[in-house]
Amino acid sequence: MLKYLTILLLMLIGLVHARERKTTNPFTENPYAPRGNSRSPNGEYQWIVQTKEPVSYQLIRTTTHQILILVPSYFGKEGGSFAIKYAKAFGIYWNRDSSLVVLDELNYRRAGELYIYRVQDGTAKPIPVNNLFTKPVGSDEFRICADKGWISPTRFSVRAAIHLQDGSFKSEYAEIVFNLDRSQTLTVLSNDHR
Amino acid sequence: MDRPPIGNGDLTVLGPNANQNQNEFRKFLGLLLGPPTPEQIKKWKPYHVRFTEYSDKDPDWRSQSSASGNWKGKRNNRGDPINLPGSSIAVDFKKIPRGSLVYIPKFDMYAEANDTGATGHWKDADTGKSDYGPDGGGRIDLFHLSGKRNSEEVEDQFNRWIGNDEYGDIFVVYKGSDWKLHIL
């Protein structure tokens with residue numbers, strides 16, 4: 001009996017680890033595969049890629065197809081004939097109650113952007129992200145991209161992809177913490193120990 | 001031309017050892033071998049640029065595609081045209097339009113502006129410098145296959161190769177991608 005329980009326990013641990021691996025690596029075998037889930041958990045909202053030029057991302061209300069927000073794709077101008085392919089490689093990460101959503105564009109040599117929106121009562125308001133992070137000393141390029149995604153209802157895991165001036169590369173990890181109280185502010189917790 | 005040969009394998013220097021690629025590129029485009037004549041150069045628009053390099057050691061470059069259709073025989077397993085030293089460069093498309101054909105005197109190299117990078121960061125870092133001035137063409141990021149070298153070695157050897165000055169001029173032979181309609 002103990003043997004079977006042990007095997008069951010190991011299988012469960014394996015499943016948890018398998019799930020963790022899947023969520024910790026935003027890039028699958030195919031770097032152009034979309035990540036996360038474009039539809040909100042409550043089914044009310046969905047992100048789509050508008051493929052007509054200029055290529056953009058649109059957050060729509062599923063019932064009315066009303067566009068709540070339109071975000072120009074970085075690759076609309078930069079991607080050329082690959083603009084649509086690159087745009088479709090986006091990551092959409094909804095929190096559990098569909099009130100916060102993160103749009104993470106394809107990370108193409110640190111090109112592309114990460115956007116956060118607060119969605120409430122049929123409106124979507126952008127939450128500035130870039131001022132939360134300081135460009136590391138000695139870096140030539142860096143961008144913030146999604147790492148594990150939502151790791152709790154109020155914490156979103158990100159990675160700073162950094163190209164240093166000496167030609168080397170570095171990743172720094174952090175969590176964006178959403179304060180859902182009256183202040184509605186964001187803070188960043190550094191998580192560099194990995 | 002289905003499958004252009006890759007350079008001679010000595011990856012510590014980009015220019016002379018990438019000549020096979022460069023020559024194939026010129027043949028593919030129907031260009032004469034050898035440097036352009038002064039008469040030709042007079043017709044081309046010069047830009048002041050900064051030369052940097054990138055390699056396949058970049059962990060944030062999973063696709064490793066130059067998004068160019070020129071090298072039809074060289075595609076990765078996803079069908080993307082791959083970069084080749086001696087012919088692949090990345091530029092800031094706000095400065096040099098995508099698909100432009102450029103000539104780089106410093107390396108006696110023609111290249112199509114067919115790849116891009118974190119151009120927003122390039123602009124931020126180089127604001128006030130000549131490559132982002134009125135006659136600036138932004139950065140010209142040359143693809144440099146790393147082989148067994150790590151990314152610091154690639155950077156170091158590139159810097160030694162180009163000397164102390166990262167800056168130089170390029171000529172835009174054709175602006176934008178329409179030139180292909182006439183040449184290919």
Side-chain angles (χ1 to χ4, degrees), chain A residues 25-33 35 54 72-86 88-89 91 104-114 130 133-147 159-172, chain B residues 50 52-69 76-81 83 90-95 97-100 112-126 139 141 143-144 146 149-159 166 176-177:
Chain A
N25 182 3
F27 284 105
T28 58
E29 287 289 310
N30 178 1
Y32 304 125
R35 293 156 287 134
S73 166
Y74 174 91
F75 302 104
K77 287 180 182 167
E78 306 284 323
S81 58
F82 281 56
I84 295 168
K85 184 177 185 177
Y86 291 171
K88 285 185 172 176
D104 182 35
E105 291 191 279
L106 170 71
N107 175 15
Y108 186 93
R109 293 180 56 210
R110 292 158 298 285
E113 301 283 344
L114 182 121
N130 288 339
F133 298 90
T134 310
K135 188 178 177 182
V137 176
S139 68
D140 192 29
E141 301 169 1
F142 93 114
R143 75 155 281 191
I144 302 300
C145 49
D147 182 37
R159 177 173 75 91
I162 302 163
H163 179 219
L164 294 162
Q165 286 161 354
D166 68 2
S168 61
F169 301 92
K170 191 175 158 188
S171 285
E172 288 182 358
Chain B
R50 178 182 171 191
T52 55
E53 55 75 38
Y54 67 110
S55 78
D56 53 330
K57 282 290 193 296
D58 189 337
D60 292 305
W61 189 38
R62 302 297 180 104
S63 55
Q64 298 192 358
S65 163
S66 65
S68 167
N76 64 22
N77 56 10
R78 296 186 195 97
D80 299 324
N83 302 49
V91 304
D92 182 342
F93 292 132
K94 290 186 180 69
K95 288 287 190 180
R98 175 181 275 276
S100 298
E112 183 189 353
N114 55 17
D115 201 4
T116 189
T119 53
H121 299 300
W122 296 356
K123 188 183 175 187
D124 291 345
D126 291 0
R139 291 194 195 180
D141 210 17
F143 174 64
H144 197 180
S146 63
R149 297 170 299 158
N150 63 35
S151 55
E152 290 99 323
E153 287 168 336
V154 172
E155 177 83 14
D156 189 45
Q157 287 174 341
F158 181 77
N159 288 340
E166 282 187 355
S177 57

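Below, all heavy atoms of this structure are taken into account, side chains as well, without hydrogens, waters or symmetry copies. Within every chain, numbering begins at 1; the chains are lettered A, B, ... in the order of the sequence lines, protein sequences first and strands thereafter.
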Which atoms of B/D141 approach chain A - backbone, side chain, both or neither, heavy atom under 4.5 Å: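 B/D141 touches chain A through side-chain heavy atoms alone.
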Residue part contacting chain A, namely of B/S55, when any heavy atom lies under 4.5 Å: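 Interface part for B/S55: neither.
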Between A/Y74 and B/T119: side-chain donor-acceptor atoms closer than 3.5 Å: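 Per modelled atom types, A/Y74 and B/T119 side chains form a pair under 3.5 Å.
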Side-chain donor-acceptor contact under 3.5 Å, B/D60 with A/Y108: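 Not at all, the side chains of B/D60 and A/Y108 share no donor-acceptor pair under 3.5 Å.
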Test: A/R109 cationic atom under 6.0 Å from B/Y54 six-membered ring centre, within 45° of axis: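 Here A/R109 passes the 6.0 Å and 45° test against B/Y54.
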Pairing of A/R143 and A/E141 as salt bridge, 4.0 angstrom limit: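 Between A/E141 and A/R143 there is no salt bridge, as every charged N stays at least 4.0 Å from the carboxylate O atoms.
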Interchain contact, A/Q165 with chain B, by part (heavy-atom threshold 4.5 Å):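 It is the backbone, since no side chain atom gets that close.
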